[in-house]
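Read through the structure below, which is laid out as structure tokens, and then see the notes.
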Amino acid sequence: MDDLLNHFAAASNTTFDAIPIMFSNHGVDPTLMDDVVIQAKRFFDLPSEEKMELDIHKSDNFKGYTPLLGENTDPENRGDLHEGFDIGWEEFVNSSETQRALGAEPLPNSGPMQGGNVWPSAQRLPGFKEALLKYYHALIALGKTLFKIFALALGLNEGFFDDKVTKPAAIMRLLHYPPQTGVVDERVIGIGAHTE
């Protein structure tokens with residue numbers, strides 16, 4: 001692992017300021033993403049009334065469901081034609097291996113991005129929560145590896161960021177963009193111009 005980290009750190013010295021980075025062969029099991037795609041389709045196929053029970057506006061920490069046109073990134077438009085479901089950090093007790101790898105501890109609701117997620121019932125969507133959390137935690141673990149690479153590229157000790165990334169504020173979003181058929185209103189697009 002050390003050789004791999006050093007290799008990427010050396011290569012990243014020339015790219016940090018120049019280009020966005022896309023990762024492949026990153027070690028995240030592709031079946032985890034496949035499972036999330038299946039679960040997302042199941043969720044977005046639910047009736048609107050059921051999804052609205054998880055309305056993000058009922059949450060004080062930006063977790064839950066956002067309906068079609070529920071966001072508007074461009075004030076000149078009438079709304080963004082997508083719906084979403086947002087989750088954040090939650091201890092995943094079914095994976096002791098993930099917990100050990102992350103040094104995970106439950107987060108108190110101590111800020112706008114922290115606190116519990118909202119979930120559809122396990123009876124209604126069995127496996128939904130588990131699939132999302134497995135993938136989320138795999139991505140958090142990948143992110144922690146990237147921080148090691150960043151540290152090495154900056155000439156720091158590989159573990160420099162370890163104590164600074166103990167409480168992930170990462171939000172994972174499932175998004176569904178329905179097809180636009182018939183007459184298309186040019187002020188209703190998938191998502192307006194924005195930056196990440």
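Values in this document were obtained by computation on a predicted structure and should not be read as measured data.
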Task: Pair K63 + D86: basic N to acidic O under 4.0 Å - done: no

Task: Shortest non-hydrogen separation from N61 to G116 and the atoms involved - done: ND2-O, 3.3 Å

Task: Interatomic spacing from CG in D80 to OG1 in T66 - rounded to 0.5 Å - done: 10.5 Å

Open item on the list: As an exercise, state the distance from NZ of K51 to CD of E53, rounded to the nearest 0.5 Å.
Closed with: 12.0 Å

- [ ] Taking the side chain as every heavy atom from C-beta outward, state whether F43 and L125 have any atom pair closer than 4.5 Å.
- [x] yes

Task: Common cluster, I38/L132, ILVMFWY with side-chain heavy-atom separation under 4.5 Å - done: no

Open item on the list: Let me confirm one number: the CG-NE2 distance from L146 to H26, rounded to the nearest 0.5 Å.
Closed with: 10.0 Å

Task: D55 and H57: side chain donor to acceptor below 3.5 Å - done: yes

Open item on the list: Do L69 and I191 sit in one hydrophobic cluster, given that two such residues count as connected whenever their side-chain heavy atoms are within less than 4.5 Å of each other, even indirectly?
Closed with: no

Task: Rounded distance [0.5 Å steps], OG in S121 versus CD in E50 - done: 8.0 Å

Open item on the list: On a heavy-atom basis, which atom in D35 and which in A131 lie closest, and how many Å separate them?
Closed with: CB-CB, 4.2 Å

- [ ] Check G84 against L175 and note the closest heavy-atom contact, atom names and distance.
- [x] CA-CD2, 4.0 Å

Open item on the list: For a 4.5 angstrom cut-off between non-hydrogen side-chain atoms, does Y136 reach P168?
Closed with: yes

Open item on the list: Quick check on the hydrophobic clustering: are I87 and L142 connected, directly or via other members, by side-chain heavy-atom contacts under 4.5 Å?
Closed with: yes

TODO: Mind checking the CD-OG spacing from E83 to S48? Nearest 0.5 Å is all I need.
DONE: 7.0 Å

TODO: Let me see the working for V28 and Y135 under side chain to side chain contact (heavy atoms under 4.5 Å, CB included), right down to the final yes or no.
DONE: CA-CA 8 Å; V28 175; Y135 186 58; 4.0 Å; yes

- [ ] Assert yes or no for the condition that the ring centre distance of F85 to F128 is strictly below 6.0 Å.
- [x] yes

TODO: Report whether I56 and L68 are members of the same hydrophobic cluster (ILVMFWY, side-chain heavy atoms less than 4.5 Å apart, transitive linking).
DONE: no

Open item on the list: One pair to check against side chain to side chain contact (heavy atoms under 4.5 Å, CB included): H176 and H82. What are the steps and the verdict?
Closed with: CA-CA 5 Å; H176 172 239; H82 67 261; over 6 Å; no

TODO: Please check if L81 and L174 belong to a single hydrophobic cluster, counting links between Ile, Leu, Val, Met, Phe, Trp and Tyr side chain heavy atoms closer than 4.5 Å.
DONE: no

Open item on the list: Check this for me, if you would: do R173 and E71 make a salt bridge, where the nitrogen-to-carboxylate-oxygen distance has to be below 4.0 angstrom?
Closed with: yes

Open item on the list: With a 3.5 Å distance limit and no angle check, can you tell me whether N72 reaches the backbone of N77 through a side-chain donor-acceptor pair?
Closed with: yes

Open item on the list: Between W89 and I140, does the side chain to side chain contact (heavy atoms under 4.5 Å, CB included) criterion hold? Intermediate values first, please.
Closed with: CA-CA 9 Å; W89 176 266; I140 292 293; 4.2 Å; yes

TODO: Supply the atom-to-atom distance R42 CZ to R124 CZ, rounded to the nearest 0.5 angstrom.
DONE: 9.0 Å

Task: Pairing residues for N117 by the side chain to side chain donor-acceptor pair (under 3.5 Å) criterion, not counting sequence neighbours - done: E90

- [ ] Assess the pair F161 and F150: is the distance between their ring centroids shorter than 6.0 Å?
- [x] no

TODO: Can you establish whether the number of heavy atoms outside K58 located under 6.0 Å from its atom NZ is more than 12?
DONE: yes

- [ ] State, with a plain yes or no, whether a side-chain heavy atom of I149 is found less than 4.5 Å away from one of E158.
- [x] no

TODO: Before accepting this row, confirm whether a basic side-chain N of the pair D162/K148 lies closer than 4.0 Å to the acidic partner's carboxylate O.
DONE: yes

Open item on the list: Closer than 4.0 angstrom, basic N to acidic O: yes or no for R78 and D185?
Closed with: yes

